[in-house]
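Chain letters run A, B, ... following the sequence lines, proteins first, then strands; residues in each count from 1.
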Amino acid sequence: MPDLTTSLGPLRLKNPVVTASGTFGFGSEWADFYDLSRLGGLTTKAVTVLPRRGNPMPRTTETASGMLNAIGLQNPGLEAFLAEKLPYLRQFDTAIIVNIAADRIEDFVTLAERLDGQAGVAALEVNVSCPNQACGGLEFGVDPALTAQVIGAVRAATTLPMIAKLTPNVTRIADIARSAVDAGADALSLVNTYVGTAIDTRTRKFKIANRQAGLSGPCIKPLALLAVWRVAQAAKAPILGMGGIMNATDAVEFMLAGASAVAIGTANFVNPMAAVEIVDGIEQYLSQTGAASVQEIIGAVQPAL
Amino acid sequence: MPDLTTSLGPLRLKNPVVTASGTFGFGSEWADFYDLSRLGGLTTKAVTVLPRRGNPMPRTTETASGMLNAIGLQNPGLEAFLAEKLPYLRQFDTAIIVNIAADRIEDFVTLAERLDGQAGVAALEVNVSCPNQACGGLEFGVDPALTAQVIGAVRAATTLPMIAKLTPNVTRIADIARSAVDAGADALSLVNTYVGTAIDTRTRKFKIANRQAGLSGPCIKPLALLAVWRVAQAAKAPILGMGGIMNATDAVEFMLAGASAVAIGTANFVNPMAAVEIVDGIEQYLSQTGAASVQEIIGAVQPAL
Amino acid sequence: MRHSLTASILSHRDLGDAQFEMTVLAPAIARDARPGQFLQALYVGAGSPLMRRPFSVFRTDPEAGTLAIVYVARGAFTIGMSALRVGASISLVGPLGNSFEPDPRPDVRHMLVAGGVGAPPLYFLAREMVAAGHAPESICVINGARSRDLLVAGADFAAVGVTLRETTDDGSAGRRGTVADELSDQIAASGGCAVYACGPTPMLRAVASLCVEAGVSCRVSLETVMPCGLGVCMGCIIKLRNDAEPEGYTLVRSCHEGPIFDAAEVIW
Amino acid sequence: MRHSLTASILSHRDLGDAQFEMTVLAPAIARDARPGQFLQALYVGAGSPLMRRPFSVFRTDPEAGTLAIVYVARGAFTIGMSALRVGASISLVGPLGNSFEPDPRPDVRHMLVAGGVGAPPLYFLAREMVAAGHAPESICVINGARSRDLLVAGADFAAVGVTLRETTDDGSAGRRGTVADELSDQIAASGGCAVYACGPTPMLRAVASLCVEAGVSCRVSLETVMPCGLGVCMGCIIKLRNDAEPEGYTLVRSCHEGPIFDAAEVIW
Ligand SMILES: Cc1cc2nc3c(=O)[nH]c(=O)nc-3n(C[C@H](O)[C@H](O)[C@H](O)COP(=O)(O)OP(=O)(O)OC[C@H]3O[C@@H](n4cnc5c(N)ncnc54)[C@H](O)[C@@H]3O)c2cc1C
Ligand SMILES: Cc1cc2nc3c(=O)[nH]c(=O)nc-3n(C[C@H](O)[C@H](O)[C@H](O)COP(=O)(O)OP(=O)(O)OC[C@H]3O[C@@H](n4cnc5c(N)ncnc54)[C@H](O)[C@@H]3O)c2cc1C
Ligand SMILES: Cc1cc2nc3c(=O)[nH]c(=O)nc-3n(C[C@H](O)[C@H](O)[C@H](O)COP(=O)(O)O)c2cc1C
Ligand SMILES: Cc1cc2nc3c(=O)[nH]c(=O)nc-3n(C[C@H](O)[C@H](O)[C@H](O)COP(=O)(O)O)c2cc1C
Ligand code: FES
Ligand code: FES
């Protein structure tokens, strides 16, 4: 049986499959489907310091091989997360990665400090894709310097493994990746969603109240895969790859491109069993191709010719 | 019957449907399908000063609701275009837009000068999405200053209507758009393809010899639509919108977002009749919704709430 | 308990006017489903989209392990679904959401108000209530649609023995008017009522405001977009009145806390 | 002349081992198609992808307005296609590309060399040649596959009356070995030959190098990815030897100048 263990810097995972933030709630909704201990890890919905109500409805719409979402950061807030969500998650033998979001650096620090040392929290995933005034309404993560500020501040506030979750809506993602690593990120998560929109020609209105929304699902896979490959070439940090992974073949593509682990997002909605089926499928792929461990395929892609 | 005429600055179009560069060759392959005079316009494959051989094969692969291509700029070169392609195109009552590409500003100037005043050439579309050393291998069009240099140089070399074709692989497309307009672009074409890749897990090789390729088709529509809307808000120039338009409803979405005309790319491969069916479909949409002209719907999108 | 399973299609009847009834073999879901609960369905077939769509359970036969849904082929998903043949597979996740539970007060008159394809969960409710010993006379179904051919499950309701009142906008069957018109008269004529409603949002709003004004208890099943149906994506949020909150409302998941809510609490 | 049309499926036979023969009503294409030409097909159905796929014309009946293709269900597109039923529609663009034209030299022996699903265009060619008055004895078909069950169109070739030699890698039918082995013997045994070949690329390379060495004229039908099939996308390029060019080759479109090329010119 091939060895499925992998790591994202100091974070050890028993297998390379993690659920993606915002697509798995805080785990409890999955109890009927499978034992969460089968996952390599689980990333929570974004947690903010105070509870957030998110964006007005309508928040989502389907697109060709994808979906747009503008949920906003609806979540119960840090204290409710600790009191109500974490105790449930703690019972499973899987890495709990807490996705944290804020629009001010101070709030990122508050989150990091309070989560540091909480039993059951295996790592932080710092979501630098939140819209921010300093970037003219664009995300923090579009600017290498701002990214470094956020990551550096969180680094100083926690000893937990820290993963920087990058936005792909940038000209040079490798630059952002390097500045996150230089500022202390142990690993990089990519990609977050691609910004897009949709219009109803009948009503002549946007289909999303927030106008702008994030595109996820199979449609973005080619884009996300290149982003992972580019960053793997440029940055010296392990990558949690995601973006349109629907099955084990997709997951293997990301690992060949350089991801040390993969996250499953939109696929959870399409097939609640997707993440564990992907664990099994990766194992099968390794067996069938005679690989002794996932490590053998990470970054192993070759030129076409 | 609703009025279908529209314009891209000084370029008048009898209807808002144009074929996109690289997806329609130089028109002659379509003779069996329909009279090219039915089109609002036709954009040629990129023309370079000298003939180009393009990238090695494999050059394309299908993805979820899209395709990747890394054709490169394979074309017969400027002189062969003038001698062999333009005479054919000239006979049709449609706007011939010549897409020009180069990796040096001098070559853009050569192309613009030589094409200026050629009978049958209605406009130039300046493809600033070509990879360029000055941008670290990225495209000219990722940098506002370089974009302005290219556009300014072409502006000085031609009196033809000039459309700047922007790449969407940037953080702030509105900035690039503004600098193109300030440098003299009469109109903006967007979007070109999104960079992505694909890997064959069986062979562990890239599916594209060039590694990196451009994603087109329905999968990119939500992204392209937002890019058009953002630029329509920010730049004072008419827009030729494109990216995943497969039918008249898609075309109307782009016009509601702010496009004055639309280009049909990948759809030509899926349905050779797509462009003319879209002309008819837009007319039907206008009739059914009681609009007297396409002008009424350009930029007419409203908030969802 | 929620199940994720592949069900095989046992029958697929064209009911006319773009309505279809599909019966599938799905023992685990047939056993656990309650009236008002729904399934997230997905097929691989002609025009199959990426995301699942919610459909109410119409009927179950736990012994046979089967269940049925009734739907209207109106968009890409449902038009594609209507082309599935007997023997083909459909992937189902469910049962999901909360259920319609009969008002426990004695002597209350149960008014089941259905608009268009809102009828399936109310048929399931009527059947279950009668099976559980409610007197058919205590149950009045008001079934409405734009016209006669669009009335859903008319014969099925009749077979259960409940009182059936039909309304159509064009008068082609039953009373000309809306279910709200009929409900208003029924409430005026009866003593204690409990209302259970499912249908298009404008209809539900009318029913809800009628009931709130009349002080009649009313449960409505809401229809929203449901990307996951599992309570994790927050794409199906609605607002419930809550004076304890500074904003005066709580956000709840239509797929998880709902789809059935107290009409008096819903902020439309 | 190229046509873009929606054809209705008249018959769809499962030939075993994932091979299917589909006959459609497409009068305009049936009338114009020549052996070796292909169609770009697209369906809306189970698993239908975005892009068209090329399939060679297997047989036409211009009077009846019908044509057939034979294909192997091996990837997403073709597996989805195999589920289409009689009466369903398929969108076809064609006929496309150049055709196999019989070598005009008198007394030449025509060697049609088919590997796997390379057989369909060669069957069409054999039929047309006989119909045009070529003596069946002047035509020798070498049909090869990995094993007996994977041989395509065996009975069809036999029915045309041509000489038929079969080869299988495993010896389960005909000669154990490859079509190249058999061709080599045939060339050695005959006088003037003209070879027409279609099949997997490794087979074509073997056939081509054999013919070039033996100085035998050989036309090969190449298989490349074909995003458009119409000559506009430049996604199907191959290199042809051309000493007049500084690089020693010309780039041509496999879909437009091809898919059939002179084996001596192809740079593999
Ligand atoms: C809890 C719940 C239970 C449901 N139960 C059923 C059921 O039992 N039977 C059933 O038929 N449907 C039911 N629905 C609705 C069902 O999910 C929709 O019919 C389906 O999503 C829309 O069909 P579509 O995807 O084919 O259309 P889409 O592709 O989503 O939409 C295509 C067209 O249909 C129109 N459309 C979509 N939804 C609606 C709507 N709700 N009302 C009016 N027009 C619409 C759109 O305006 C659009 O023009 C339920 C929904 C929910 C939330
Ligand atoms: C001019 C021309 C004529 C053709 N005529 C026919 C025909 O008459 N009958 C026919 O069956 N096919 C024919 N083909 C090939 C046909 O287009 C392919 O079978 C089809 O594209 C592949 O099937 P798919 O899309 O279902 O598989 P894809 O989804 O494209 O591929 C799925 C799997 O199939 C494998 N695969 C795909 N193509 C090939 C291949 N060519 N050889 C081996 N493995 C492959 C891939 O490796 C992959 O694992 C022709 C191709 C050309 C260029
Ligand atoms: C409904 C939804 C909500 C999401 N919420 C978050 C979030 O709170 N924080 C975050 O970092 N990413 C969030 N994401 C992004 C995903 O974690 C993931 O990066 C993205 O969807 C791409 O992966 P996919 O294509 O597999 O879904 C969300 C995605 C979806 C679809
Ligand atoms: C095969 C192919 C070749 C292309 N070649 C060019 C080109 O030469 N010049 C250019 O500006 N755009 C080129 N494009 C981009 C298209 O013109 C268009 O911007 C893009 O494909 C998005 O539109 P679509 O999704 O409708 O195809 C090409 C696209 C494809 C698919
Ligand atoms: S549909 Fe996802 S939370 Fe309700
Ligand atoms: S397939 Fe497009 S040019 Fe040949």
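A salt bridge (Lys or Arg N to Asp or Glu O under 4.0 Å) check over residues 75-96 of chain C, counting only residues at least two apart or in different chains, returns nothing.
Side-chain N or O atoms of C:Asp14 include one that pairs as donor or acceptor with a backbone N or O of C:Gly16 at under 3.5 Å. For the pair C:Glu21 (side chain) and C:His12 (backbone), a donor-acceptor distance under 3.5 Å is absent.
For the atom pair A:Leu225 CG and A:Met242 CE, the distance stands at 13.5 Å (nearest 0.5 Å).
Ranked by heavy-atom pairs shorter than 4.5 Å toward chain A, the options C:Val225, C:Ile238, C:Val93 are led by C:Val93.
Only one option out of C:Pro54, C:Pro121, C:Ser221, C:Cys236 pairs with C:Pro259 in a side-chain contact (heavy atoms from CB on, under 4.5 Å); it is C:Ser221.
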Present all donor-acceptor pairs from chain C to chain A with distances below 3.5 Å, rounded to 0.1 Å.
residue  : atom : partner  : partner atom : Å
C:Arg2   : N    : A:Asp32  : OD2          : 2.7
C:Arg2   : NH1  : A:Glu29  : O            : 3.1
C:Leu50  : N    : A:Glu62  : OE2          : 2.7
C:Met51  : N    : A:Glu62  : OE2          : 3.2
C:Arg52  : NE   : A:Val270 : O            : 2.7
C:Arg52  : NH2  : A:Val270 : O            : 2.9
C:Arg53  : NH1  : A:Glu62  : OE1          : 2.9
C:Arg53  : NH2  : A:Glu62  : OE1          : 3.4
C:Met234 : O    : A:Arg59  : NH1          : 2.7
C:Glu245 : OE1  : A:Arg53  : NH2          : 3.0
C:Glu247 : OE1  : A:Arg53  : NE           : 3.4
C:Glu247 : OE1  : A:Arg53  : NH2          : 2.9
C:Glu247 : OE2  : A:Arg53  : NE           : 3.2
C:Tyr249 : O    : A:Arg53  : NH1          : 3.4
C:Tyr249 : O    : A:Arg53  : NH2          : 3.2
C:Arg253 : NH1  : A:Glu29  : OE2          : 2.8

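Salt bridge annotation for C:Arg219-C:Glu101: absent, with no cationic side-chain nitrogen under 4.0 angstrom from a carboxylate oxygen.
In this structure, chain C has a heavy atom under 4.5 Å from the side chain of A:Phe33, while its backbone stays farther away.
Using cut-offs of 30° and 60° for the angle between ring planes, the A:Phe81 and A:Phe26 rings count as tilted.
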